[in-house]
Amino acid sequence: MRDEVFNPNPVVFSAPKASGRQSDLLAHSLWVNDSPSSDDEADDLEPIDQDEIYDLIRSIYDPEHPNTLEELRVVSAPQITVGTNRIKVEFTPTVPHCGMSTLIGLCIRVRLLRSLPERFKVDIFLKPGSHQSEMAVNKQLNDKERVAAALENPVLLDTVEKCLSNVDGHELDHA
């Protein structure tokens, strides 16, 4: 699909061992939120937090390298904002001229659209000042028709699927 590697030697970081997140602490507590459930609670919408969104996108693989977006520090929890029915994700390309930025943003969007309830509107943006074509990439990533057209391209869709399905640590075919 491409002949040029935009960042042949990215900096790779190790994944943190334990997050100590509030959601992890609550999951292991026997007493927090330990109330009998009722039929009224079934009607309540389950809130989604920044950590849950980060967990969904951190394992996406970079289209150019056999590393996750977390390992390359392309995504991080502080770059995610969660509102009532809106999620905003900022990501940072590894280099300011990264030609894969639109594809990375598309992978993030597809993962979230497949994983979240339909009530959420998802906005994907490059971190301000992190890319030379920031405005153009942001426009592409948040235009429904452009996203739909991109996902109709079988080669592009296959690349997105590889980035999303590569959760076992197997290297992507970078030929």
Side-chain angles (χ1 to χ4, degrees), residues 1-17 19 48-82 86-118 120-127 130-175:
M1 184 170 134
R2 62 192 178 281
D3 296 328
E4 179 183 353
V5 174
F6 292 97
N7 186 6
N9 298 310
V11 177
V12 178
F13 300 88
S14 61
K17 302 244 185 307
S19 65
I48 294 177
D49 66 15
Q50 166 185 72
D51 293 331
E52 290 175 289
I53 300 302
Y54 180 62
D55 285 342
L56 289 171
I57 64 175
R58 67 197 258 181
S59 63
I60 297 171
Y61 272 74
D62 184 272
E64 274 188 319
H65 304 288
N67 303 99
T68 65
L69 298 184
E70 176 185 35
E71 291 170 338
L72 296 172
R73 297 294 194 265
V74 172
V75 296
S76 65
Q79 292 177 289
I80 300 167
T81 307
V82 178
R86 178 173 235 128
I87 293 170
K88 177 184 173 190
V89 176
E90 279 186 359
F91 69 98
T92 308
T94 57
V95 290
H97 58 277
C98 179
M100 296 289 119
S101 294
T102 306
L103 182 56
I104 291 169
L106 185 62
C107 290
I108 293 170
R109 177 172 295 286
V110 169
R111 169 66 53 85
L112 294 178
L113 289 176
R114 289 179 179 175
S115 304
L116 296 173
E118 289 184 21
F120 285 100
K121 177 171 181 352
V122 177
D123 295 316
I124 310 288
F125 295 100
L126 287 164
K127 181 179 177 183
S130 66
H131 196 278
Q132 63 190 17
S133 302
E134 176 185 335
M135 290 176 54
V137 172
N138 287 342
K139 185 174 182 177
Q140 288 177 337
L141 292 175
N142 293 293
D143 183 322
K144 284 182 182 181
E145 282 129 17
R146 289 184 188 194
V147 169
L151 294 175
E152 288 177 4
N153 178 329
V155 174
L156 193 55
L157 183 59
D158 183 55
T159 303
V160 169
E161 293 295 345
K162 286 179 182 175
C163 292
L164 296 179
S165 65
N166 193 8
V167 294
D168 296 326
H170 303 294
E171 288 192 25
L172 292 173
D173 178 19
H174 292 290

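Note: Thr81 OG1 to Lys88 NZ = 5.5 Å, rounded to the nearest 0.5 Å. Between the CG atom in Leu112 and the CD1 atom in Ile80 there is a gap of 8.0 Å [rounded to 0.5 Å]. In this structure, CD1 on Ile60 lies 12.0 Å from CG on Leu72, to the nearest 0.5 angstrom. Between the OG atom of Ser101 and the CD atom of Gln132 there is a distance of 9.5 Å, given to the nearest 0.5 Å.
Among Leu103, Leu69, Ile53, the single residue meeting the side chain to side chain contact (heavy atoms under 4.5 Å, CB included) criterion with Ile108 is Leu69. The only member of Val74, Thr68, Asn67 that meets side chain to side chain contact (heavy atoms under 4.5 Å, CB included) when paired with Glu70 is Thr68.
For the pair Val82 and Glu52, the minimum side-chain heavy-atom distance is 4.5 Å or more. In this structure, the side chains of Met100 and Asp62 stay at 4.5 Å or more apart for every pair of heavy atoms. The shortest side-chain heavy-atom distance between Leu116 and Leu56 falls under the 4.5 Å cut-off. Contact annotation: the side chain of Ile48 approaches that of Phe120 to within less than 4.5 Å [non-hydrogen atoms, C-beta and beyond]. In this structure, Pro154 and Leu157 have side chains that are not in contact, with every pair of non-hydrogen atoms separated by 4.5 Å or more. Counting heavy atoms from C-beta outward, Val160 and Leu106 have side chains that approach closer than 4.5 Å.
Under the side chain to side chain contact (heavy atoms under 4.5 Å, CB included) criterion, Asn153 pairs with Val155, Leu156, sequence neighbours left out. By the salt bridge (Lys or Arg N to Asp or Glu O under 4.0 Å) test, Asp158 is found to be paired with Lys162, residues two or more places apart in sequence or in another chain being considered.
No donor-acceptor pair closer than 3.5 Å links the side chain of Gln140 to the backbone N or O of Val137. For the pair Gln50 (side chain) and Ala77 (backbone), a donor-acceptor distance under 3.5 Å is present. Between the His131 side chain and the Cys98 main chain, a donor and an acceptor come within less than 3.5 Å of each other.
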Quick one: do Thr102 and Leu141 satisfy side chain to side chain contact (heavy atoms under 4.5 Å, CB included)? Show the steps, please.
CA-CA 7 Å; Thr102 306; Leu141 292 175; 4.2 Å; yes
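Taking both residues in full, the closest heavy atoms of Pro63 and Ile104 are given as CD-CG1, 3.7 Å, listed atom of the first, atom of the second, then distance. Closest approach of Ser130 to Phe91, counting heavy atoms only: OG-O, 4.3 Å. The minimum heavy-atom distance between Leu164 and Cys107, with the atom names listed, is CD2-O, 3.5 Å. Contact between Arg58 and Val75 at its shortest, heavy atoms only, is CA-CG2, 4.1 Å. Considering every non-hydrogen atom in both Phe125 and Asn138, the closest pair reads CA-OD1, 3.3 Å. The minimum heavy-atom distance linking Ile57 with Arg111 is given by the pair CG2-CG, 4.4 Å.
Within a 6.0 Å sphere centred on NZ of Lys121, other residues, nucleotides and ligands contribute more than 12 heavy atoms.
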